[in-house]
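Below, chains carry the letters A, B, ... as their sequence lines are ordered, and counting in each starts from 1.
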Protein chains: 2
Amino acid sequence: MTRLEPSPTAPRRKRLTVEARREEFICKATEFFAEEGFGGGTRELAAKLGVTQPLLYRYFPSKEELIQAVYRRVYLDRWKPEWDALLKDRTQPIRRRLQRFYEAYTDAIFDRAWLRIYFFSGLKGVEINRWYIAMVETRILKPLIAEFRHEAGLAPRDPPAPEDLELAWVLQGGIFYYGVRKFIFELPVEEDKSRVIANALDVFLAGLASHYGVTIPP
Amino acid sequence: MTRLEPSPTAPRRKRLTVEARREEFICKATEFFAEEGFGGGTRELAAKLGVTQPLLYRYFPSKEELIQAVYRRVYLDRWKPEWDALLKDRTQPIRRRLQRFYEAYTDAIFDRAWLRIYFFSGLKGVEINRWYIAMVETRILKPLIAEFRHEAGLAPRDPPAPEDLELAWVLQGGIFYYGVRKFIFELPVEEDKSRVIANALDVFLAGLASHYGVTIPP
DNA sequence: GCACTTATTTTTCACTTGATAAACAACGGA
DNA sequence: TCCGTTGTTTATCAAGTGAAAAATAAGTGC
């Protein structure tokens with residue numbers, strides 16, 4: 001089984017295998033640290049991986065670097081690029097846009113491991129957590145307010161009023177806390193997530209319209 | 001400086017001193033674990049207290065018992081008994097009641113140490129955290145729904161519909177997350193807490209009324 | 001001043017932690 | 001078959017962990 005072009009590809013194939021192993025390490029480490037917190041021991045993690053502890057240090061120079069890799073795995077690439085367009089797609093009413101967005105978004109983040117890493121890292125005060133929250137504000141809440149104002153016939157305003165942002169945060173936090181109760185605290189919650197989102201949006205949009213003395217088309 | 005009644009009071013005064021010291025330990029331990037998490041070392045804690053590490057074991061049989069004491073200090077006695085009456089005081093409109101309640105309640109729990117211990121213990125899955133959340137549902141959200149229905153002229157319903165509870169949780173979680181952003185993530189937020197609460201209640205109550213096709217007196 | 005209790009520190013233990021270096025095993029190419 | 005590269009384990013280290021025992025300091029009642 002000799003290859004025609006062995007010299008450039010053969011070493012690359014080996015490196016790829018290494019990358020796959022590395023990926024497996026990160027994946028399992030995410031689950032592990034999600035359960036144990038970042039204080040979890042490297043030996044226990046290695047046992048979970050079915051390897052010995054020093055092997056971890058062949059792939060990551062330190063535990064901290066492994067944790068950084070977990071951060072990246074958890075925080076980055078969660079956001080689907082089409083969501084930006086969805087939120088701003090004025091061919092459909094804002095309620096339907098928000099419903100679709102929040103269903104997809106919560107599908108992506110309502111996951112025990114994700115939520116736990118989110119809070120563990122947030123409690124540690126790491127930068128990537130603040131970066132993520134800034135992204136939420138920029139890509140969800142600001143468009144949400146802008147689109148609401150447009151749909152309600154209010155004059156556009158950029159940047160949005162801090163008060164409006166704060167109101168959007170109450171909605172965001174309210175929906176988010178549903179996931180926290182279900183996946184972190186493991187409490188019994190209403191199981192129909194779509195319904196929870198629908199009701200939350202219903203109350204929020206009607207309340208915001210009333211707050212501004214306007215009406216929005218259903 | 002001899003005392004007239006030394007025999008019964010003198011030993012009690014010593015015990016009192018011990019209790020005071022114990023209290024100081026718990027108090028400082030709360031701050032310490034709030035910052036470091038429960039993985040924080042006993043030596044570092046002792047240094048913060050200005051004593052040596054083995055002394056902790058004179059007052060608490062184990063680190064875990066000290067942590068339990070911290071839980072009790074944090075979770076118990078936060079709830080002011082008058083809040084129950086406040087929420088049900090039908091001599092004032094529900095909006096004012098909720099405004100007053102949430103201002104007082106958030107004054108009590110929007111505290112860096114409290115919120116961090118809340119999440120550290122919640123992530124650990126300890127029982128007292130679940131107990132606390134059950135209390136929130138019983139003493140805040142259920143009355144809130146019941147009082148809203150009364151004020152809106154809707155038939156009383158006990159227990160409240162799960163859907164209504166879930167809606168109340170969105171409000172609760174939304175307000176709570178304001179504290180999380182400010183005191184845990186330390187992000188810049190709207191500083192006027194009363195205003196945030198007022199707006200959140202405004203939108204929620206108007207939205208809920210619209211949701212049920214009713215009106216509530218301002 | 002003296003005996004006795006009690007608060008506190010010093011010393012120490014057994015174990016766990018992250019991390020390193022050396023030994024070993026597998027495998028691919030000549 | 002041997003060689004060298006590489007993935008993996010074994011053995012080990014120094015520092016830090018919760019906890020206990022022993023030694024010391026500081027009162028307290030008589």
Under 3.5 Å, which donor-acceptor pairs do the side chains of residues 36-56 of chain A form with other protein atoms, sequence neighbours left out?
unit_1	atom_1	unit_2	atom_2	d
A/Thr42	OG1	A/Gln53	NE2	3.2

* Report the distance from atom OH of A/Tyr57 to atom P of D/dC13, rounded to the nearest whole Å. =>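 Atom OH in A/Tyr57 sits about 18 Å away from atom P in D/dC13.
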* To do: Determine the contact category for A/Gly40: base if any of its heavy atoms lies under 4.0 Å from a base atom, sugar-phosphate if only primed atoms, P, OP1 or OP2 are that close, otherwise nothing.
  =>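 The answer is sugar-phosphate, as A/Gly40 gets under 4.0 Å only of primed atoms, P, OP1 or OP2.
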* Side-chain N,O (A/Thr52) to OP1/OP2 (D/dT8) below 4.0 Å ->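 The answer is no; no side-chain N or O of A/Thr52 sits under 4.0 Å from OP1 or OP2.
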* Asked: What's the CZ-P distance between A/Phe25 and D/dG7, to the nearest Å?
  ->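 After rounding, the reported distance stands at 11 Å.
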* Check side chain to side chain contact (heavy atoms under 4.5 Å, CB included) between B/Asp111 and all other residues, then give those that pass, not counting sequence neighbours. =>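 By the side chain to side chain contact (heavy atoms under 4.5 Å, CB included) rule, B/Asp111 matches B/Ala113, B/Trp114.
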* Asked: Does atom CZ of B/Arg78 have more than 12 heavy-atom neighbours, drawn from other residues, nucleotides or ligands, at distances under 6.0 Å?
  ->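 Atom CZ in B/Arg78 is crowded, with more than 12 foreign heavy atoms closer than 6.0 Å.
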* Asked: Quick one: do the A/Trp169 and A/Glu137 side chains pair a donor with an acceptor below 3.5 Å?
  ->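 There is such a pair (donor and acceptor under 3.5 Å, judged by atom type) between the side chains of A/Trp169 and A/Glu137.
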* Taking only residues two or more places apart in sequence or in another chain, which ones pass side chain to side chain contact (heavy atoms under 4.5 Å, CB included) with B/Glu191? ->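 Side chain to side chain contact (heavy atoms under 4.5 Å, CB included) list for B/Glu191, sorted by chain: B/Lys182, B/Val189.
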* In the 5'-to-3' direction, what one-character label does each nucleotide of nucleotides 11-16 of chain C receive under the scheme B = base within less than 4.0 Å of a protein heavy atom, S = sugar-phosphate only, - = no such atom? -> B-----
* Under the side-chain hydrogen bond (donor to acceptor under 3.5 Å, both in side chains) test, residues paired with B/Arg73 that sit two or more places apart ->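 Scan of B/Arg73 (side-chain hydrogen bond (donor to acceptor under 3.5 Å, both in side chains), adjacent residues dropped) gives B/Glu23.
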* Can you list the residues that meet the ring pair (Phe, Tyr, Trp, His ring centres under 6.0 Å) rule with B/Tyr102, with sequence neighbours excluded? ->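 Per chain and number, B/Tyr102 pairs via ring pair (Phe, Tyr, Trp, His ring centres under 6.0 Å) with no residue.
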* Roughly, in whole Å, what's the span from CZ in A/Arg21 to C1' in D/dT9? ->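 So the two atoms are 13 Å apart, to the nearest Å.
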* To do: Grab the CZ-C1' distance between A/Phe38 and C/dT17 for me, whole Å please.
  =>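 So the two atoms are 18 Å apart, to the nearest Å.
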* Just jot down the salt bridge (Lys or Arg N to Asp or Glu O under 4.0 Å) partners of B/Asp192, sequence neighbours excluded, or say none. =>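 None.
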* What pairs with B/Glu166 under salt bridge (Lys or Arg N to Asp or Glu O under 4.0 Å), at least two apart in sequence or on another chain? ->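 A/Arg181.
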* With sequence neighbours left out, what residues match A/Phe101 under ring pair (Phe, Tyr, Trp, His ring centres under 6.0 Å)? ->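 Partners of A/Phe101 by the ring pair (Phe, Tyr, Trp, His ring centres under 6.0 Å) criterion, ordered by chain and then number, come out as A/Trp79, A/Trp83, A/Tyr105.
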* Rounded (10°) bend between the five-pair end axes of the helix from C/dG1-D/dC30 to C/dA30-D/dT1 ->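 Inter-axis angle at the ends, rounded: 10°.
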* **Rounded distance in Å - CG (A/Leu55) to P (C/dT20)** =>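 So the two atoms are 14 Å apart, to the nearest Å.
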* Partners of B/Tyr57 by ring pair (Phe, Tyr, Trp, His ring centres under 6.0 Å), sequence neighbours excluded? ->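 Here no residue qualifies.
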* **Euclidean distance, atom CG of residue B/Leu56 to atom C1' of D/dA19 [Å, nearest integer]** =>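 Going from B/Leu56 (CG) to D/dA19 (C1'), I get 11 Å.
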* To do: Write down the distance between CG (A/Leu49) and P (D/dT9), rounded to a whole number of angstrom.
  =>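 Rounding to the nearest Å, CG of A/Leu49 and P of D/dT9 are 11 Å apart.
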* Asked: Heavy-atom contacts under 4.0 Å between residues 58-73 of chain B and DNA chain C, which residues?
  ->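 Those residues are B/Arg58, B/Tyr59.
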* Rounded to the nearest angstrom, tell me the gap between atom CD in A/Glu36 and atom C1' in C/dG18. =>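 From A/Glu36 CD to C/dG18 C1': 17 Å.
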